[in-house]
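Below is one structure, written out as structure tokens, with a few remarks after it.
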Amino acid sequence: IFYAYNIKNNTVSSIGTQSIAGSAFSGAITSRNGIVYFNPGGELKVWYYNTTTNTFGSINTALSGSYAASVLAPNGKIYMIPFDATEVIK
């Protein structure tokens, strides 16, 4: 289960009902459209959370390995930087 921290009133609440058993994430990044993408930790999916619709989803990839960080480039693309993976995700 994922949690959201509200900085305005200093509270934590669970978001969604998505349980991603066995998954690990090394970080996350928010895109310009408000979607939060989670850096994959050794699986073949990039999970995301849509802050507008309060829903989770995933994008299948053919890559495996862990990703150390993500950056949002001026062109609007997100690049996920490998930790032990062999390719950059964009």
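Note that these values count all heavy atoms, side chains included, but never hydrogens, waters or copies made by symmetry.
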* Would you kindly say whether N54 and Y49 are connected by a side-chain donor-acceptor distance under 3.5 Å? => yes
* Asked: Which atom names give the shortest non-hydrogen contact between P40 and V46, and what distance separates them?
  -> CG-CG2, 4.2 Å
* Which atom names give the shortest non-hydrogen contact between P74 and R32, and what distance separates them? -> O-NH2, 2.7 Å
* To the nearest 0.5 Å, tell me how far T30 OG1 sits from Y37 OH. => 10.5 Å
* Are I59 and L72 in one and the same hydrophobic cluster, where Ile, Leu, Val, Met, Phe, Trp and Tyr link if side-chain heavy atoms are under 4.5 Å apart? -> yes
* Can you check whether S31 reaches I78 side chain to side chain, under 4.5 Å on heavy atoms? -> yes
* Indicate the atoms forming the closest heavy-atom contact of W47 with G57, along with that distance. => CE3-O, 3.2 Å
* Closest non-hydrogen atom pair, A73 against Y79 -> CB-CE1, 3.6 Å
* Asked: Between A28 and V36, which heavy-atom pair has the shortest distance, and what is it?
  -> CB-CG1, 3.8 Å
* D84 side chain to S66 backbone, donor-acceptor under 3.5 Å -> yes
* Going from CG on N10 to OH on Y5, what distance comes out if it is rounded to the nearest 0.5 angstrom? -> 3.5 Å
* CG on N50 to CG on N33, rounded to 0.5 Å -> 7.5 Å
